[in-house]
Amino acid sequence: MRVLTTVIAIAVGLIVLIGYFLPQAEPLQSMLLNWAVTIAGAATLMGLLNLLAVHFSKVRRGEKGGVYSALLILAMLGTLTAGIVLRPQHVGMQVLLNGIILPVEGMLMGLLTISLLYAAMRLLRHRTDIMAVFFILTALLIFLGSATLPFGDVPVIGTLIRPWVSQIWALGGARGILIGVSLGALTTGLRVLLGADRPYGDK
Amino acid sequence: MADILQCPNCKTENPIGSKVCKNCQTPLAPANKITGGFIKPGQTPTKKHTADLEPILPQWLRDARNAARGSDSPNSMELPQPQEEKDKPSAPPPAEDLLSGLQSSQTADEEEEEYIPDWLVNLTGKSPTTPHEASSEPITNRRVEMGNTADFPHIKEEPTEEPETPSWLAGLQSPATEPEKDELTEWFRSASEAEQPHHTVEPKIENPVSTPQPDESPDWLRQMAMDAEQTEDAQTGISQAESEFPADAPDWLRNLGSAIEVTPSSGLNPFNLTEPAPAESEALASSTETPEWLKNESQKQDTTPKWLQDEGASSEAGTPAWLANETPVQRPPEPDSQPLSDDIFTELPGWLKAAAPESSIFNQPAKEPEASPEPQQDSQDWLKAFQLTPEATQEPENIPAFSTDFHSDENVNSLFTEMPDWLSNAMEPGSGISPSTSPAEDALAPSDLPSWVQAMRPVDTSKVVEEKPNPTPNKDLPLESRGALAGLHGVLPAMPGFTPTSKPKSYSIKLNASKEQMAHAEILEQVLAAETSPDSIETLSTYKASRALRWFVAFIVFVFVAIPVFLRTQIFSAPVGVPNETRDAISVVQAIPESSALLVAFDYEPSRAGELEASAAPVFDQLLLLKHPRLTFISTNEIGSSLAERFISGPLAGHNYQSGATYLNLGYLSGGQLGIRAFAQNPANVAPVDINSQSAWTSAPLQGVTALNQFAAVILITDNADSARAWIEQTEITRKDTPILVISSAQSTPMIQPYYASGQVDGILSGLYGGAIFEQYNAGRPGTARMYWDAYSIGMFIAVLLVLFGGLWNLALGLRDRQPAGKRKN
Amino acid sequence: MITLSILAGSTILLLTLTLWKRKAPARLRTLPAFTKLVHTLGLSIEDGKRLHISLGHGNLLDGRGGSALAGLATLRTITERTSVSDMPSVASAGDPALGLLTQDTTHAGYKAAAVEEMYQPTSGRVAGLTPFSYAAGAMHITADENVSTNILVGHFGPEAALLTESAERSHTTTIGASDNITGQAVLFAASQEALIGEELFAAGAYLGNNASHLASLTVQDILRWLVILAMVGGAIGKFIGAF
């Protein structure tokens, strides 16, 4: 079984890759990709079931936070039922979205803002090095460059320094990081294709 | 089990004594064979011949036996062996009876001459035989029993010329004692006739002494017997003949008897031994007749054990080591104590009884005639030979219990190295002789102690040579009146001053501890408990979260951001500078034809809805107002379809767009990047129906559209650079010349700008900044971005202040925290 | 064509270097994050606490799949090492497919450690389907399930700040690695140890010392130098007007 799984994974990966270079392999590639899309959709349902199972076990064992897990299960099942029955355009669904989902997510975003500010303030206590100083200085420049004054943009910083830092230095650094990440993803994918890495449950 | 023999071959049971198996004729080994058979519990030991025990005897004993065989004139003190043995083949003696081997190892001639007295016979379990000359008996056995040099009276020993016999044993042999030997054997035999032989495992000491016949016993024996009788007369219930020493009794015999105190009430001790009468001892002292076997003892000492050989150096020639330099044994004065009563040794000659050892084998003051009981005829007089007389104990150096090995301190010390001085000092002559005065009924009086126990009493032998025995008991030391050491002075008590006379008192189990000790115990308990509890490991370089700082930051941000929103202030200026990507985005929007189909992808999270709706609202407001496009919504986000519905019915509600008529919601596109690619290749196949399960590609919004490139433009609303990248890259081929406009959040714009720079993206609106700029091109409609702009600017400045000053403060704190560590390192 | 050549060359290099690394393992530069990660593995076992390995909300079907695969490899190694702990590790994911693979990988780790009977299906779970819902679900794991260290390896956005804040309030350590720029910035500021850029993909080599992982690091370095040369050469060529 382990060998069969490995063979299937390697074969499908190679076919999809070859399909990018050989037009003759495109139909097969498309078919496999369509299968992957379907499986991804099914995996979404499996993820929902996994979520239900985890929180249900917490309720059953009476673990800490079991009450919230029970609320989550009720909310999930209720929303799922309403969405299937009422459809997303229904007013009720809009009420759920506007009254619960969006405020919760917005609240989390607000918490994130406070957390990021708090982390930025305490950064120099954790890391007293030059990179942390540059990090703080860059953040300050972006802050100042993004805002405006009553009489217009912040002079020099908003019109000159901020665009230069964000579009030259930050962007260049980000590109370099992304290239490195891409190379890492490339080699990781090659390892999976060659069977060196078998994340599908093999020893 | 003892009466049968099991065949090793066929397991047939055969009667004991059978030589071969009656079934298979296999030779049967006798039971209790010395080579392998053992007596099992319950079995009666099989009678064995002494000669069979030869292999198991120690070497020194074997040598003694060999020497004895080679001796021409057996000593008078030699115990005669039974006549039967010389005719019998040497049978394997029983393993338990070592003494019997002494009798069976001699040659036939020797066996004829040897005579084993009854008392010795009874020890070995053999039937008594006719008295013969006493064979060269290894005196070491008797010496061991006696243990004390003072037990033996001083005897002048003559060297013998028998090299085969061990020197120590040869010294015991004396040709002149032949007649004496005969006399001894006779009275030995006569003494044993009165008793039944005991065939038990443990050698039972019986009274080997019998009343000597007047015609057979030598004069000295008769004198001893007479003396013993005199002492017995002084005692009640004691036969006079048993305790009488003949006049010519050897000194060693006289000195063997020691005053043993016997409690008349005590009947437990079968070895009621008494000291010979002083008169007897005096008579014995005058006797110069020494048995040959005693005289010749000292000549051959090669085979003696080392503990005996050590004393041979200082011994006189021909004198047994243990008898060398011995002063004549003087019979202790007749004790006033009651004579011993011995029902067993009724026929012991008097001299032997008189020579019964005293309670201690070491030097003991013999000048306690009152304490020494008269030897009794019925007592085990033969053991009295091993008893110390009071006079003998006075001169311990003259009466060594062993050979001259004991004369030197070094030798003495080497033998009794483990004996404590207090015990040896306690064993003073005469101290244990006095009768017990213990009121306890069950206390064993010293006089009741068997001689062999008394002989085992430790005595400080270092004083044997140097010091003269203190005739007077050490009255300064306390007298032990209980137990095995009763009668001795200087015995260490079990507990000083303790004399348990009542029931042991019970002790409280309550812990008697002070407060400080209890506190220490509690601390120890805590330490032990801490050992078992796991220590929580501190996390790596974590600082304690400051809840106050969080609240402060949250309060500041909330206040300064919420006030402008509620007040709808417009203090801060709208952004003036228009980025290129924003200008191009404006151009793209303005270039869209009227009533064209637009594909709008909602790939942002609900948390970003506020920013992106504020950024996208002016664009769609302008489009819907001026171009009246047909909108098609799609999303790779699960909640994107709901966000699309919210967007069209919220900020764009005024345009009254209807689903299925002016806009179509295709719902969720699964598969992420693959789904986008698949949709780009064949959108009608991947998303055939809308969220209402209505056919999408036949509806009005998608009329005339079958491929991606038939859309007028693709507008991507995303907060994720990866999603933007996926849409850009996967639709690039199929989209062809269809422009793509990206409305992104401020955080992802830097990642999307390379695509704009490469021409893969036609325009970018970046967050609230872009929306605010586009609103300026839309106559300020809808105004959401402008409403948020003041709060946005104030928030930025507050963030700058908090990060700047908070960072500096924490920098100082960090430097302060690291400074002690640095100083410590220095 | 360029793409095909890059792919072919990378494959050949990877195979060759894998065989080479088996005989001569490479010496890797010290990364404090991995050093502390290894240290925390033992500490958590001794402390009687568990590890929380968070794989983010990366999708296997797009570009974020690389970080997801790297996270799975890290999870595999950590699970095998901590399988005999009294408190086994917990893995969480923000993507359904990734959540299923998390369970499978955890199971494989217990199998490899020969303690398959100790595997619990709830040790690999889907905490949420959106980034913030995933962060909210992962936050309670840190707070409620006796966690000593949070290991964030995968695709994380700014929601990682919520995870780090929850870890700080629970006095737990956070070691983070993300392929997202924003996530890296957040982890750099909020976590104890952060891995920047492609250091995320070196986790398998530092933890497991596998030959293929070591070879992939070398291939990355080679390709990076090639990209550097191409960029510099292209810039110079563009500057001089060659093309």
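Every chain is numbered from 1, with letters handed out A, B, ... down the list of sequences.
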For this session: Using non-hydrogen atoms and a 4.5 Å limit, figure out which bit of C:T3 sits close to chain A: side chain, backbone, both or neither.
Result: both
Seminar exercise, completed: Value for CZ (C:F132) from CG (A:L111), rounded to nearest 0.5 Å, stands at 9.0 Å
Problem set entry | Which atoms of A:S57 approach chain C - backbone, side chain, both or neither, heavy atom under 4.5 Å | side chain
For this session: Considering only heavy atoms and a distance below 4.5 Å, find which of C:E145, C:Q184, C:R64, C:E199 pairs most often with chain A.
Result: C:Q184
Seminar exercise, completed: Turns out that what part of A:L193 lies under 4.5 Å from chain C's heavy atoms comes down to neither
Problem set entry | Heavy-atom proximity to chain A below 4.5 Å, by part of C:A194 | both
Exercise. Within a radius of less than 6.0 Å around CG of A:L45, do more than 12 heavy atoms belonging to other residues, nucleotides or ligands occur?
Worked result: yes
Exercise. Under the 3.5 angstrom rule, does the side chain of A:N50 hit a backbone N or O of C:V126 as a donor-acceptor pair?
Worked result: yes
For this session: Please list, in residue-number order, every residue in residues 164-189 of chain A that has a heavy atom less than 4.5 Å from any heavy atom of chain C; write 'none' if there are none.
Result: A:A174, A:I177, A:L178, A:I179, A:G180, A:V181, A:L183, A:G184, A:A185, A:L186, A:T187, A:T188
Seminar exercise, completed: From the list C:T164, C:V219, C:L72, C:T11, the residue making the most non-hydrogen contacts under 4.5 Å with chain A is C:T11
Exercise. Under a 4.5 Å heavy-atom cut-off, does chain A meet the side chain of C:L217, its backbone, both or neither?
Worked result: neither
Exercise. Given a strict heavy-atom distance threshold of 4.5 Å, which part of C:L162 is in contact with chain A: side chain, backbone, both, or neither?
Worked result: both
Exercise. Heavy atoms, side chains only, cut-off 4.5 Å: are C:H140 and A:Y68 in contact?
Worked result: no
Problem set entry | Option in C:D95, C:L69, C:L200, C:L98 with maximal non-hydrogen atom pairs under 4.5 Å from chain A | C:L69
Exercise. Once you round to the nearest 0.5 Å, how far does CZ of C:F188 lie from CE of A:M131?
Worked result: 6.0 Å
Problem set entry | Between A:L51, A:L112, A:V54, the one whose heavy-atom pairs under 4.5 Å with chain C are most numerous | A:L112
Exercise. Has A:M107 got more than 12 heavy atoms of other residues, nucleotides or ligands less than 6.0 Å from its CE?
Worked result: yes
For this session: Between chain C and each of A:E63, A:H55, A:E105, count heavy-atom pairs under 4.5 Å; write down the option with the most.
Result: A:E105
Exercise. Does the side chain of C:S216 come under 3.5 Å of the side chain of A:R191 through a donor N or O and an acceptor N or O?
Worked result: yes
For this session: Evaluate the side-chain proximity of A:F21 to C:M1: yes if any heavy-atom separation is below 4.5 Å, no if none is.
Result: no
For this session: Just give me the residue among A:L190, A:L123, A:V192 that pairs up with chain C most often, heavy atom to heavy atom, under 4.5 Å.
Result: A:L190
Exercise. Taking 4.0 angstrom as the limit, do C:E168 and A:R122 come out as a salt bridge?
Worked result: yes
Problem set entry | A:M46 atom CE, neighbour heavy-atom count above 12 within 6.0 Å | no
Seminar exercise, completed: Greatest number of non-hydrogen atom pairs under 4.5 angstrom with chain A, of C:A73, C:A185, C:A190, falls to C:A185
For this session: Find the one option among C:P158, C:G99, C:A97, C:A160 whose heavy-atom pairs under 4.5 Å with chain A are most numerous.
Result: C:P158
Exercise. Most heavy-atom pairs under 4.5 angstrom with chain A, which of C:T122, C:L14, C:V186, C:I196?
Worked result: C:L14
Problem set entry | chain A contact via C:A93 - which portion, at a heavy-atom distance below 4.5 Å | neither
Problem set entry | Contact summary for A:A43 and C:P96, nearest pair of heavy atoms | O-CB, 2.8 Å
